[in-house]
Amino acid sequence: MNDRERALDAAHRRATEFLGTLADRPVWPRASLDDMLSAFDGPLPAHGADAADVVDELAAKADPGLVAIPGGRFFGFVIGGTLPAALAADWLVSAWDQNSGSSVLTPATVAVERIAGRWMLDLFSLPETASVGFVTGGQLANFTCLATARHAVLARIGWDVAEQGLRAAPPIRFVVGADRHGSIDRAARFLGIGRGELIVVDSDDQGRMRADALERTLADGSGPLIVCLQAGEVHTGAFDDFGRLIEVARRHDAWVHVDGAFGLWAAASPALRHLTAGMEDADSWATDAHKTLNVPYDCGMAIVRDPADSIAAFRTGGDYLIYSGLDPWDVTPELSRRARGVPAWAALRSLGRSGVADLIDRLHANAVAMTTGLRSIAGVQILNVVDYTQVMFRVGSDDDTRALGAAILAEGTAVVTGAEWRGHAALRCSMSSWATTTPDVDRTVQAIRSLIDP
Ligand SMILES: *Cc1c(COP(=O)(O)O)cnc(C)c1O
């Protein structure tokens with residue numbers, strides 16, 4: 001074997017060993033950042049080392065600081081695991097080393113991504129002609145869609161952002177729900193729209209934007225308008241009422257954007273599709289593959305109804321670049337990038353239409369089972385309507401709830417993470433991993449039960 005083959009062999013062996021520990025290792029890392037910094041500390045070595053030895057050293061030192069995200073009992077934030085086909089395809093992406101911005105330079109990976117994008121549009125019942133830009137995640141997908149929106153709503157009134165910039169531009173009314181994800185505010189900030197300029201519409205007890213409130217908000221004002229809706233509130237999993245809200249927004253000539261980082265996937269399940277009803281009438285949609293679709297980090301998608309709007313916002317100059325129709329670099333802020341859509345293709349190819357639906361249904365079923373299990377523990381209060389993948393709960397006081405959260409992490413069986421909901425501490429359980437089994441849910445409920453009632 002040559003050096004490269006021995007290094008790849010070492011990576012394969014170390015990766016398999018790590019994945020083999022997932023069933024039993026504590027889910028939260030045993031080592032802190034300081035522990036990890038001291039493990040890796042020291043000056044840059046004067047001389048190099050054998051490639052396989054480097055891989056072995058890296059894996060051995062990192063192990064205690066790894067969090068068991070790909071296992072079946074990581075329920076923190078909203079984080080998926082990794083399907084086998086997606087993981088293996090991701091290795092190929094690195095081996096191929098394709099710079100996937102241009103369809104002339106890298107036709108294989110551009111084609112695979114384009115087909116993956118089409119399959120997703122089909123699963124979501126979105127227009128087959130929409131542009132699908134592969135970006136690092138939901139944050140950049142929201143940014144990409146909203147940058148496109150900003151360009152389009154100003155273009156409609158004769159203002160060219162690419163030419164004239166933003167400083168003298170007519171103001172954009174940027175309308176968001178009270179329970180939007182923080183990445184919307186951050187995307188707005190990058191686009192020159194400050195927090196104080198956001199027009200915030202009230203939401204209901206599950207975090208859904210109120211249609212009557214949107215109606216009132218839009219009635220007083222005029223000019224370029226962007227309305228941000230949400231499929232899947234990050235704590236409750238709730239979906240906005242797209243049918244009513246989009247109808248209101250349309251009357252005011254708004255660009256409607258949907259943040260569906262994990263919620264858009266409900267559209268791929270015949271049983272859960274009703275949650276997303278009406279969202280197909282929006283102008284842009286942001287979603288993730290590294291959450292619900294379970295591909296390795298990182299992969300998100302910025303979907304825009306009319307590719308001409310994407311090109312207007314993003315096509316670059318650069319006389320040395322090769323153009324041919326619609327290239328990946330025409331629809332996102334990226335230029336050079338890895339072929340991060342390829343693992344998404346592999347995930348979809350390995351699941352098929354029925355497998356995607358089964359995956360989403362199983363995540364929902366796990367959320368229902370977790371809810372039933374937690375409800376059976378005296379003192380646990382479930383805080384949301386569990387109609388998708390998110391379960392939020394609390395026990396006793398805010399301090400009790402936070403203490404339980406810390407105890408769960410220390411105990412090691414599972415990871416749930418904390419939140420503030422309506423002014424009180426809460427714990428969140430996100431069912432986002434393909435690897436979660438019924439026994440994983442039962443073990444987690446048992447562990448939480450013994451922490452509450454030792
Ligand atoms: C996770 C999430 C985001 C951000 O996505 P990243 O992949 O972390 O960049 C945006 N919106 C919602 C609703 C999310 O759940």
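For the single chain, residues carry numbers from 1 onward in sequence order. Remember, predicted model here, so these are calculated numbers, not experimental data. Remember, it's 1-based here, ligands and their atoms both numbered in the order they're listed.
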Practice task
May I ask you to check whether F74 and W28 place their ring centres under 6.0 Å from each other?
Solution key: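 No.
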Ion pair D298/R338, N-O distance below 4.0 Å:
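No, D298 and R338 are not salt-bridged.
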(request) For the pair R180 and D259, find out whether any cationic side-chain nitrogen is under 4.0 Å from an anionic carboxylate oxygen. (result)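 Here R180 does not pair with D259 in a salt bridge, since their nearest N and O are not under 4.0 Å apart.
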Those atoms of ligand 1 less than 4.0 Å from some heavy atom in [X]:
X	value
D288	5 (O), 6 (P), 7 (O)
V234	15 (O)
G137	7 (O), 9 (O)
G232	13 (C)

Going by the angle between their ring planes, with limits at 30° and 60°, are W345 and W119 parallel, tilted or perpendicular?
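Parallel, since the angle between the ring planes stays under 30°.
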Taking the six-membered ring for Trp, are W91 and H12 parallel (under 30°), tilted (30 to 60°) or perpendicular (over 60°)?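 W91 and H12: perpendicular rings.
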Query raised in the report: Heavy-atom contact under 4.0 Å between G300 and ligand 1?
Result: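 No, G300 has no heavy atom closer than 4.0 Å to ligand 1.
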Intermediate values then yes/no, side-chain contact (heavy atoms from CB on, under 4.5 Å), D240 and V258: CA-CA 9 Å; D240 282 343; V258 176; over 6 Å; no
Examine the proximity of ligand 1 to [X] and report which part, side chain or backbone, both or neither, has a heavy atom under 4.0 Å away.
X	answer
H290	side chain
F262	side chain
Q139	both

Consider salt bridge (Lys or Arg N to Asp or Glu O under 4.0 Å). Of D205, D179, D204, which one does R422 pass it with?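 Considering D205, D179, D204, a salt bridge (Lys or Arg N to Asp or Glu O under 4.0 Å) with R422 is found only for D179.
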Once rounded to the nearest 0.5 Å, what's the spacing between atom CE of M301 and atom OG1 of T144?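 That separation rounds to 12.0 Å.
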What protein heavy atom sits nearest [atom], and how far away is it?
atom	answer
atom 15 (O) of ligand 1	K291 NZ, 2.9 Å
atom 11 (N) of ligand 1	D259 OD2, 2.7 Å
atom 6 (P) of ligand 1	G138 N, 3.3 Å

